[in-house]
Amino acid sequence: MEYEVIVIGGGPAGMSAALNFGRGMMHTLVIDEDKPRNKVTQLSHGYLTQDGISPQKFKQQAIEDVSKYKDVSIVNARVVDIIQIESGFKVSTASKSYTAKQILVATGVREHLPKINNIESFYGKTVFYCPWCDGFEMKHTQLGVFYSDKDVIHIVKLLRNFSKKITVFTNGIETLEPEAIKFLEQHHIEVCSTTIKKLLGDQGQLKGVELEDGSVIKIEGAFTQMGWDTEFNFLNNILLERDEQGKIKSSPYGETNINGLYVTGETKDNFPSQLIDAASNGGNVAKNMMMSLINETYQ
């Protein structure tokens, strides 16, 4: 079956785009594996009228909103390949193939935790990466910061808005960059360079950091450096241009070097975002895509 648009990914960016496609009367298919990056998140914040909503409830409400529009269909599947064809694109899952004039990639980013033993047991509960998302809930607590480069300056500045009790853990990196050392010393921020053996606590509640030398530093929560990429296997047969950091090159409206293939949300930015930001970007990119299709009818 041929569609005007196929949206790959059913997160806030993809579903916001799908809502706009439905309202624009575009024959649209959303292919969603339903394995969101924020599955570890208990509550999401910062979205006006939706502050404190669980990601699961947000997703269900998004499906209900999009399902009101007869031109939009949603299938639960994993995309395994995209190839260009004369009429646009062929998108394949493990069991079926679909064609469309346009593709919107809204799969977010792949997330990589730092190599700290058992950090996954606490991630999303008392270990986070985004102070704007979770700093308020950790206010006035003893915080750890798992960073080892100059970005530590930015994160410490931000976190000191929520707590003045901060310890930086470099996890075996003996020397930070001079700029970072100077900043941390000026503001009397404790730095621990000993390698982390494991995190201590239970049921997601962080209570301390055990170091390789056997000592323990008590903390109640932490913010950690993360890694992200958009090197999805299903894009292997599409020659997308990327920058030196691996980010997919695109215009502000999601246009890539492949005519008809767009990116949005975290996939576009190669960086995680709050729900409201991803949803806003999805809607804006969708409008640009629809205008492109509409303009074709006047050529």
Check: Taking atom OH of Y69 and atom CG of N20, what is their separation to the nearest 0.5 Å?
Finding: 9.0 Å

Item checked: Heavy-atom closest contact (A278 atom, P12 atom, distance) -> CB-CG, 3.9 Å

Next item on the list: Run the numbers on Y253 and K287 for side-chain contact (heavy atoms from CB on, under 4.5 Å), then give the verdict.
Entry: CA-CA 9 Å; Y253 300 102; K287 294 181 183 75; over 6 Å; no

Margin query: Are there over 12 heavy-atom neighbours, none belonging to N259, within less than 6.0 Å of that residue's CG?
Written below: no

Check: Side chain of S273, backbone of D277: donor and acceptor closer than 3.5 Å?
Finding: no

Next item on the list: Would you name the heavy atoms of D32 and G10 that are closest together and state the gap between them?
Entry: OD1-N, 3.2 Å

Item checked: Contact check, side chains of C133 and H45, non-hydrogen atoms, under 4.5 Å -> no

Check: What closest approach, in Å, do I173 and S148 show between heavy atoms, and which atom pair accounts for it?
Finding: CG1-CB, 3.7 Å

Notebook entry, point to check: Hey, what do you get for CD (E4) to CD (Q102), rounding to the nearest 0.5 Å?
Noted result: 8.5 Å

Next item on the list: Find out whether L206 and K125 are in side-chain contact, i.e. whether some heavy atom of one side chain is under 4.5 Å from a heavy atom of the other.
Entry: no

Notebook entry, point to check: Less than 4.5 Å apart, any side-chain heavy atom of L240 and any of I258?
Noted result: yes

Check: Would you call the rings of F234 and F232 parallel, tilted or perpendicular if under 30° counts as parallel and over 60° as perpendicular?
Finding: parallel

Next item on the list: Answer yes if I294 and M289 sit in the same cluster of Ile, Leu, Val, Met, Phe, Trp and Tyr residues linked by side chain heavy atoms under 4.5 Å apart, and no otherwise.
Entry: yes

Next item on the list: Please say whether more than 12 non-hydrogen atoms of neighbouring residues, nucleotides or ligands are located less than 6.0 Å from CD in Q203.
Entry: no

Notebook entry, point to check: Any side-chain heavy-atom pair from T230 and K247 closer than 4.5 angstrom?
Noted result: no

Checklist line | Whether F162 and W132 hold their rings parallel, tilted or perpendicular, with breakpoints at 30° and 60° | finding: perpendicular

Notebook entry, point to check: Taking C-beta and beyond as the side chain, do M226 and F271 meet within less than 4.5 Å on heavy atoms?
Noted result: no

Check: Transitively linked via ILVMFWY side-chain contacts under 4.5 Å: M291 with V5?
Finding: yes

Item checked: Check against side-chain contact (heavy atoms from CB on, under 4.5 Å), L143 and E220 -> CA-CA 6 Å; L143 294 177; E220 300 166 274; over 6 Å; no

Check: Could you state the interatomic distance from CD (E177) to CD1 (I181), rounded to the nearest 0.5 Å?
Finding: 9.0 Å

Note to self: Tell me whether K164 at atom NZ has more than 12 heavy atoms from other residues, nucleotides or ligands lying less than 6.0 Å away.
What the structure shows: yes

Item checked: side-chain contact (heavy atoms from CB on, under 4.5 Å) between D71 and M26, intermediate numbers included -> CA-CA 6 Å; D71 288 306; M26 295 292 170; over 6 Å; no

Next item on the list: For Y98, check ring pair (Phe, Tyr, Trp, His ring centres under 6.0 Å) against everything at least two apart and list the hits.
Entry: none

Note to self: Test of understanding: clusters of I, L, V, M, F, W, Y form through side-chain heavy atoms closer than 4.5 Å, transitively. Do V30 and V285 belong to the same one?
What the structure shows: yes

Note to self: Whether E210 and K197 form a salt bridge (side-chain N of Lys/Arg under 4.0 Å from carboxylate O of Asp/Glu) is what I want to check.
What the structure shows: yes

Notebook entry, point to check: For H140, does its backbone N or O pair with a side-chain atom of K165 as donor and acceptor, under 3.5 Å?
Noted result: yes

Check: Is it true that a side-chain atom of T267 and a backbone atom of V263 form a donor plus acceptor pair closer than 3.5 Å?
Finding: no

Notebook entry, point to check: Quick one: OG on S121 to CG on L199, what's the gap to the nearest 0.5 Å?
Noted result: 8.5 Å

Next item on the list: State the OG1-CD1 distance between T256 and I248, to the nearest 0.5 angstrom.
Entry: 8.0 Å

Note to self: Can you classify the ring geometry of Y47 versus F58 as parallel (below 30°), tilted (30 to 60°) or perpendicular (above 60°)?
What the structure shows: tilted

Checklist line | Ring geometry between Y3 and H27 (parallel below 30°, tilted from 30 to 60°, perpendicular above 60°) | finding: tilted

Checklist line | Side-chain heavy atoms of L176 within contact of D149, under 4.5 Å | finding: no

Next item on the list: State, with a plain yes or no, whether a side-chain heavy atom of Y262 is found less than 4.5 Å away from one of I103.
Entry: no

Checklist line | Exceeds 12 heavy-atom contacts within 6.0 angstrom, atom NZ of K101 | finding: no

Notebook entry, point to check: Would you say N236's side chain and N233's backbone share a donor-acceptor pair under 3.5 angstrom?
Noted result: yes

Notebook entry, point to check: Taking all non-hydrogen atoms of both residues, which atom of D51 and which atom of G46 are closest, and how far apart?
Noted result: OD1-N, 2.9 Å

Margin query: Strictly by salt bridge (Lys or Arg N to Asp or Glu O under 4.0 Å), give each pair with a member in residues 221-243 just once, sequence neighbours left out.
Written below: R110-D229, E231-R242

Notebook entry, point to check: Taking all non-hydrogen atoms of both residues, which atom of K157 and which atom of F183 are closest, and how far apart?
Noted result: CG-CZ, 3.6 Å

Table please: side-chain donor-acceptor pairs of residues 82-92 below 3.5 Å, with sequence neighbours left out.
from: S92; atom 1: OG; to: S97; atom 2: OG; distance (Å): 3.0

Next item on the list: Please report the closest heavy-atom contact between G204 and T126, naming both atoms and the distance.
Entry: O-OG1, 2.6 Å

Next item on the list: Give a yes or no on whether R160 atom CZ has more than 12 heavy-atom contacts from other residues, nucleotides or ligands under 6.0 Å away.
Entry: yes

Next item on the list: Would you tell me whether T264 and N281 have side-chain atoms, one donor and one acceptor, within less than 3.5 Å of each other?
Entry: yes

Next item on the list: Run the numbers on I6 and L104 for side-chain contact (heavy atoms from CB on, under 4.5 Å), then give the verdict.
Entry: CA-CA 6 Å; I6 291 178; L104 177 59; over 6 Å; no

Notebook entry, point to check: Got a sec: does the NE2 of H154 have more than 12 other heavy atoms crowding it under 6.0 Å?
Noted result: no

Checklist line | Sidechain N-carboxylate O distance under 4.0 Å for D134, K139 | finding: no

Checklist line | T93 and V80, any side-chain heavy atoms less than 4.5 Å apart | finding: no

Checklist line | Residue pair K249 / N257, side-chain donor-acceptor N/O under 3.5 Å | finding: no

Notebook entry, point to check: In this structure, which one of I196, L211, T194 forms a side-chain contact (heavy atoms from CB on, under 4.5 Å) with I217?
Noted result: L211

Item checked: Joint hydrophobic cluster, I116 plus Y147, side-chain heavy atoms closer than 4.5 Å -> no

Check: Applying the 4.5 Å side-chain criterion to the ILVMFWY set and letting contacts propagate, would L200 and F223 be lumped into a single cluster?
Finding: no

Next item on the list: State the CG-OG1 distance between D213 and T195, to the nearest 0.5 angstrom.
Entry: 9.0 Å

